[in-house]
Amino acid sequence: MKILVCAKRVIDYNVKVQINREGDGVVTDGVKMSINPFDEIAIEEALRIRDRGEADEVVVASIGPGSAQQQLRTALAMGADRAILIETDAAIQPLGAARIFMQLVETEQPGLVLMGKQAIDDDSNQTGQMLAALWHKPQATFVSKLELADGKATATREVDAGLETIEVDLPAVVTTDLRLNEPRFVKMPDIMKAKRKPLETTALAELDVDLGPQLAVANYSPPPQRQAGVMVESVDELVAALRDKGVI
Amino acid sequence: MTDRDVMQYDVVIVGAGPAGLACAIRLRQRNADLSVCVLEKASEVGQHSLSGAVIEPGPLEALLPDWLDNPPEICVPAGRDRFEFLTAKRSIRMPTPPQMHNNGNYVISLGGLCRRLAERAEALEVDVFAGFAADDALFDDDGKVIGVRTGDMGIERDGSPGPNYAAGVDIHARHTILAEGCRGSISKRLIAHYGLDQDRSPQTYGIGFKELWQLPEGRAEAGLIKHTIGWPLPRDVYGGSFLYHLDQDRVYVGFVCGLDYPDPLFSPFEAFQQYKHHPSVHALLEGGEIISAGTRALIEGGLQSLPRLEMPGAMLIGDAAGTLNVPKIKGVHMAIRCGSDAADFIADNDTSAGFDAYFRANAGGRELRKVRNIRPGFKAGLWAGLANAALETVAFGKTPWTLDNHADWSSLDKLDERDDNGPEKVARDLPPRDRLASVYHAAIHHEENQPVHLKVRDTSICATRCAVEYDNPCTRFCPAGVYEMVDDGEGGKRLQINAANCLHCKVCDIKDPYEIIDWVTPEGGSGPNYQNL
Amino acid sequence: MAEVLLVAEHAGGKLNPSTAKSVTCAAAIGTVTVAVFTDSDDGVASAAAQLDGVSKVLLVESAQNAQALAAVLAPQVVALASNYTHVLAPSTTFGKDLLPRVAARLGVPQVSDIMTVKSERQFGRPIYAGNVLVEVTVPDDVTVVGTVRTASFSAAATGDTAAIEKTSVDADIPDHTRYVGLESHGGERPDLQSANRVVSGGRGVGSAENFALIYNLADKLGAAAGASRAAVDAGFVPNDMQVGQTGKIIAPDLYIAIGISGAIQHITGIKDAGTIVAINKDADAPIFAVADIGLAGDLFEIVPQLEQALDS
Ligand SMILES: Cc1cc2nc3c(=O)[nH]c(=O)nc-3n(C[C@H](O)[C@H](O)[C@H](O)COP(=O)(O)OP(=O)(O)OC[C@H]3O[C@@H](n4cnc5c(N)ncnc54)[C@H](O)[C@@H]3O)c2cc1C
Ligand SMILES: Cc1cc2nc3c(=O)[nH]c(=O)nc-3n(C[C@H](O)[C@H](O)[C@H](O)COP(=O)(O)OP(=O)(O)OC[C@H]3O[C@@H](n4cnc5c(N)ncnc54)[C@H](O)[C@@H]3O)c2cc1C
């Protein structure tokens, strides 16, 4: 079985994002970029599945600028067998991404697609579900535990009410949550090996994908700052104020 | 423990700063058969880099004549120079000292420059490994350095290997080049091990703060370079501010003070924040926003403290040795020059032996000689220092004497020896509110479960002797609130080390009055993520 | 006029509170129809019908709808969608799972986490973990599909009685996805990550033993218990209780910070909380600059009093 993992290059989660002066995007100059952390977990999971002998190849794909090769090299250094970059400088929205990955699914024919539950830049939380829909295959989202057997996957999902378990037939799309695993450290010799692993780059234009209707995104602004409220003088006043606000 | 992987290179360079990267580039330019790798503890090249930085482009141009075709993210030609003496309310214009003229120089972000240099090095097939700290040097039986070991990853707080444990690797190389910058942790050990600083003045250091601000439209004058001395520093502290205007209404604002300050109650961080509230600076910054902020120690000993740059199998280059030109506060061009020199020397001689003399006789050594007496002159206070500086400058450093330096750890007065608390503090309203808020702008990250990388050899004196003698100066000289004295639950105090706050500035390793703090490398990739500093 | 189809979230015969909040958002856009997918009419439809602003409830009863599985529900929602200009669901794990599957089938983009409604097709939403807000506009000729960030809307009041219409849908329902079970959050105290109320203690609490004060107050309020990093580092509590930049980022309706100074790294973890209450003996502590209600004083006196006052 082949596993396809989708991974996005995003601004590193430690970076305090800054809105640009035009208000139509965020500053990326000199800003650290990384693999979307949820996707890194997806890569790790794919590698663990392969290393258990339940899959034989892990292919990591990304849609993004040429510089995303850096993140794909990291994925290869973690242990992925092969990488594919669909190169574009445009910001691809989830529907477009799902359609592009659908094309890859058709050529690669994976038995399982893994990706993060959301990318930490636009926080959409859509691509995996959309891909599953286009592919007419099951989805297991927010997964914190995954077991494969007999052409089926048993997935534990982190839902608001607790941990839900579902069983899906493979092939399927699984999106990962934080607690699924802790990604390995990349080792130096593996970075050297990764330099020789195949990384195939295809220009998006060559794929002939209809990205679908686009959302117009504008007016980037900072969230309103929290303001100091009232100071109360006693416990009784505190309780009254809480009751007033309807929070107790 | 697991078997360690061993990797073999002709040259291993520790530190992807300007010195290390220049050395790597020059090595491959000179001899494309040499295999070269560079280790950098930051998660990406440039993320730990912090400098002024107005650079003299000469050595960079010599190395990469086309460097301006793909400049660092911030690269603004130097414009007007201003030099001012501050009092609490006023700024008095002074003639710009000759070393501080910046015609033909550039204001750059060091992080950006290092990223560009790393790209060039990689294009020359240098293996640049970011996210890997060199933990210690490796020796052969004859006591010669044969490489370095990188730090283990995934160690738990108690020192045991965690579930993701990955052993560090041994990198063996014919030449090991220490380019760790100011107060490098391996460099420090090797200098002591080989006695490289014998017969030299003690090394001296400074602490440098820097913030990148985005100002409201129309405030910045791109290229304007301003330095001040005076307020808010007490007379017995050597230092001052820098303020560099960039494009797009951005400015670099920073502050440097000598770590030989005597007052244990002095807080360098507070001095910087005070400076920002000088009427002339406050008006500029008000309404702006901090994009990034950080702190780094500077090496200020100059020629008389420069250790021997060679040892068997290894060399020290750049600020790991201390090549910074102090009166100019410029070390980038010197680091590049020293790195290039080391590469030339290896390419020509295939040994470290003789490099020390080679560097000293070269342009870099000559530049250091000229300015050697300016900084020590300030030991006698600001005005004496300025007078001495003028004399040394007029004489082109040809004065017949060389002034001594003093070790910074030994410069603190005891509490009972002091009565002067320096200028009165002004109320502050500009960000950051405190050190923790400042650290927030460093986008810092350390896996919190790793062992503490600030090794305090004896914490028992913290609550006893140190509290009495100096009132725990670590709680003030650390710019990140790493050190706190907290209740020990038994009515006393104990030292709390917030290692995850650490900016890797190394000031604690330098200034602690009992010399018992050792800064060692945390897990690779940890630390600040400076954005264009 | 916009016609909004809102997919109700429910379980165990109860309408999830997120539905009432989403109704408020939907009503700001147009006429609201709530769709209830269930295997038996257990009162959820009538609960939805009582929400102010709902004009109709569609009840889709089918054995397959016993559990809320996205793969099963999506084709049914798609089948209903043709009569509506908008399809919404709460931005809970339920809605996040379901709606993108619907949008992809409809061939339209989705707006996630709607915070504000600027017009029928224009919405405010957060990106970068809420550190940036943007305005997104859906093109004119397509169905608007979106999830509603429930913390941004108050629950619709009850009192209305909208019509309940039973309907069946003609959809191809796959059998590749099967529900196995649900393990609810165990323990006496709610889960810190998802709790509606959280009581946190800081270094000011002083010791592991003293943290009993925090736990008792939390239990009284049915709240989860949290802590600052300083409290964790001092060994008062385990590190999975840490709230903040390197701990948990939470957004409860009520957050009570006790003996916590309010360092920015802590505040980062609670900036989206509904009401923040601070109890600290230092009236200048930074926490008071972000607290909605502040009480300066000794926590060892205040917290026991507060517990008592809550009883009465
Ligand atoms: C506040 C301030 C202002 C300054 N202003 C100017 C100015 O205006 N102009 C100017 O020319 N110079 C200026 N300097 C000085 C200049 O920044 C330094 O001289 C120069 O950066 C030295 O270069 P370097 O390569 O030797 O060391 P660094 O730039 O310090 O680089 C060392 C690198 O090694 C890495 N490293 C260290 N130890 C290890 C290890 N064990 N393993 C792996 N990696 C490691 C570090 O992370 C770092 O990236 C200033 C310095 C400061 C602090
Ligand atoms: C990279 C980084 C990441 C960090 N991540 C986190 C994080 O995830 N979460 C986090 O919390 N912090 C984090 N911190 C640490 C943070 O900066 C603060 O140090 C920490 O939050 C302080 O905890 P505290 O408020 O409990 O302690 P303190 O700052 O010591 O505050 C204790 C407070 O208790 C009050 N107090 C004392 N006694 C009493 C009494 N009897 N009655 C009432 N009040 C009393 C005091 O007035 C004081 O305000 C991080 C820091 C860094 C640099």
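So you know, we letter chains A, B, ... as the sequences are listed, proteins then strands, and number each from 1. Keep in mind it's a predicted model, so treat the numbers as computed, not measured.
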Hey, which of [options] has the most heavy atom pairs under 4.5 Å with chain A?
options                                    : answer
Ser194(C), Gly107(C), Ala71(C)             : Gly107(C)
Asn16(C), Val108(C), Val134(C)             : Val134(C)
Leu98(C), Ile279(C), Ile302(C), Ile276(C)  : Ile276(C)
Leu133(C), Leu182(C), Val136(C)            : Leu133(C)
Arg105(C), Gln193(C), Arg178(C), Glu301(C) : Arg178(C)
Ala273(C), Gly274(C), Ala309(C), Gly222(C) : Ala273(C)

[X], part contacting chain A, at a heavy-atom distance under 4.5 Å:
X         : answer
Leu295(C) : both
Leu254(C) : side chain
Arg121(C) : neither
Asp141(C) : neither
Leu310(C) : both
Ile270(C) : backbone
Ala296(C) : both
Pro174(C) : neither
Val102(C) : neither

*For the side chain of Arg197(C) and the backbone of Val247(A), is there at least one donor-acceptor N/O pair under 3.5 Å apart?*
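Yes.
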
*Using distance alone, with no hydrogens and no angle criterion, decide if Ser112(C) and Gln126(A) have a side-chain donor and acceptor under 3.5 Å apart.*
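Present: a donor and an acceptor within the cut-off.
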
*Side-chain donor-acceptor pair present, Gln139(A), Asp97(C), cut-off under 3.5 Å*: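 Yes, side-chain donor-acceptor contact under 3.5 Å.
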
*Locate the shortest heavy-atom distance separating Val132(C) from Tyr220(A); write the atom from each residue and the value.*
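Nearest pair, atom of Val132(C) first, then Tyr220(A): CG1-CD2, 3.7 Å.
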
*Over all atoms of both residues, closest heavy-atom pair of Arg226(A) and Asp292(C)*: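 Answer, listing the atom of Arg226(A) first, then Asp292(C): NH2-OD2, 2.9 Å.
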
_Does Arg21(A), at its CZ atom, have more than 12 non-hydrogen atoms belonging to other residues, nucleotides or ligands within less than 6.0 Å?_
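Enclosed: over 12 neighbouring heavy atoms sit under 6.0 Å from CZ of Arg21(A).
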
*For chain A, which residues from residues 282-291 of chain C have at least one heavy atom closer than 4.5 Å to it?*
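Against chain A, the residues of residues 282-291 of chain C that fall inside the cut-off (heavy atoms, under 4.5 Å) are Phe288(C), Ala289(C), Val290(C), Ala291(C).
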
